[in-house]
Amino acid sequence: MADVKITTRKNGPFRVEAPEGSVTLVDADGTEYNLTGKTAFSLCRCGGSVNKPFCDGTHSKIGFQAAEAAVKAADSAAINPPGGSPAKG
Ligand code: FES
C-alpha cells in the first residue's frame, strides 16, 4: 500500500505527498491531471487559485483563514463514538 500523506497547511492548501505514480487526481469528468514527476503537490482550498485544483499562492494574498484543526483521538471518540451517534451539546 502506498504511503500517502495529506497535510492541511495553516491558512493554506492541502499538501499531498506520495511516491510518484501512487496518486491519481481527476477532474469532475474523470480526466486525469498529469502528475508525472511529482511526489508532492498542493491543492487549493481557498478557492482563489487561477490554477485549480492546484494552489498558486493566492491564499496568502486574499487572507484566507482556515478554522479547522485535527481533533485529537480522545476528543474524536467523544464526538464520534464507535457505533453511536455524535455527541450533542
Ligand atoms: S489554497 Fe493556495 S491558492 Fe488557494
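Quick note: residue numbers are just sequence positions, from 1. In listed order, ligands and their atoms are each counted from 1.
- Every atom of ligand 1 is numbered from 1 in the order shown, and the set under 4.0 Å from a heavy atom of D56 is 3 (S).
- Look at C46 and atom 4 (Fe) of ligand 1: an N/O/S atom of the residue is under 2.8 Å from the metal.
- Of all heavy-atom pairs spanning C46 and I62, the tightest one is SG-CD1, 3.9 Å.
- Those atoms of ligand 1 with a heavy atom of R45 less than 4.0 angstrom away are 1 (S), 4 (Fe).
- Atoms of ligand 1 found under 4.0 Å from any heavy atom of P13 (numbered from 1 in listed order, with element): 1 (S).
- Atom CG in L35 sits 9.5 Å away from atom OG in S22 (nearest 0.5 Å).
- Backbone or side-chain N, O or S atoms of C44 do not reach atom 2 (Fe) of ligand 1 at under 2.8 Å.
- Proximity of the aromatic rings of Y33 and F54 is defined here by a centroid distance below 6.0 angstrom, and this criterion is met.
- The closest side-chain heavy-atom distance from E20 to T36 is below 4.5 Å.
- For atom 2 (Fe) of ligand 1, the nearest protein heavy atom (residue, atom name, distance) is H59 ND1, 2.2 Å.
- Nearest heavy atoms, N11 versus A66: OD1-N, 2.8 Å.
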